[in-house]
Amino acid sequence: LGYELKLLSGKVFSLQPSLLNLRAEEGRNQSAEKERERERNNGKVLFFSYFKDLVGQEVTVELKNDLAIRGTLHSVDQYLNIKLENTRVVDQDKYPHMLSVRNCFIRGSVVRYVQLPPDGVDVDLLHDAARREARGG
Amino acid sequence: MSVEEDATVREPLDLIRLSIEERIYVKLRSDRELRGKLHIPCSLSSFFWQAFDQHLNMILGDVEEVITTVEIDDETYEEIVRKLKRKVLFLFVRGDGVILVSPPLRTT
């Protein structure tokens with residue numbers, strides 16, 4: 001005869017005559033929760049790491065005001081603010097006010113898209129980033 | 001109940017995680033829609049490189065963006081103009097513009 005107790009925290013305990021069973025379940029519950037916690041936490045720095053690996057590549061940043069800037073990714077930070085070098089505005093006739101701008105800092109919150117390198121992303125870089133996340137997370 | 005596994009849907013973000021490596025439809029602000037593949041370049045045994053995070057920043061592949069603009073003719077009522085913009089390969093979408101994420105609609 002066993003009972004199941006569902007606590008508010010979401011842990012499920014099985015009350016069985018054997019105490020060993022109880023501890024085993026709890027252990028599994030905890031590790032499952034830790035796994036989920038880790039997965040959620042990874043998301044916090046995930047794209048930051050991804051962009052760090054993308055430094056040096058040519059990207060096109062499209063802003064929320066429809067301005068599109070093409071340049072070399074110089075640096076990025078935790079807020080996904082972007083620094084671009086060697087920038088050119090994509091539609092220069094439409095946005096002439098940035099003709100002479102060659103380097104810029106873009107606040108992360110005004111970015112709509114970042115168009116990543118047309119030749120695709122280096123999968124090995126991503127593999128490394130993923131592995132680093134797994135170790136650090 | 002069995003012990004929770006990775007495939008258990010516990011929160012809304014898990015629903016999106018089910019769509020990893022699948023095509024999805026994303027509705028954005030400013031009357032934009034994206035159809036693309038929620039990209040996950042690698043998945044190690046116990047770790048998912050997530051193609052999105054809790055802000056709904058995401059990386060899509062083979063994306064097609066549709067911007068819908070409505071022009072109103074003076075005589076008739078409405079004319080709906082659709083502009084198609086195609087993006088190459090990979091696109092990072094910032095999460096604060098995302099309204100909804102869903103499996104692709106079975107229309108066009």
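Computed over heavy atoms, backbone and side chain alike; hydrogens, waters and symmetry mates excluded. Every chain is numbered from 1 and lettered A, B, ... according to where its sequence line falls, protein lines coming before strand lines.
For A:Thr60, the side-chain hydrogen bond (donor to acceptor under 3.5 Å, both in side chains) criterion is met by A:Arg70, not counting sequence neighbours.
Using a distance-only test at 3.5 Å, with no hydrogens or angles considered, a donor-acceptor pair links the side chain of B:Asp14 to the main chain of B:Glu11.
In summary, A:Asp77 and A:Lys83 do not engage in a salt bridge, as defined by a charged side-chain N under 4.0 Å from a carboxylate O. Ion pairing between a basic and an acidic side chain is recognised when a charged N comes within 4.0 Å of a carboxylate O; A:Asp66 and B:Arg32 show such pairing. Salt bridge annotation for A:Arg88-A:Glu58: present, with a cationic side-chain nitrogen under 4.0 angstrom from a carboxylate oxygen.
Using a 4.5 Å cut-off between heavy atoms, B:Arg29 makes no contact with chain A at all.
Residue-level contacts of residues 90-103 of chain A with chain B do not occur; threshold 4.5 Å between heavy atoms.
The ring of A:Phe48 has its center no closer than 6.0 angstrom to the ring center of A:Tyr79.
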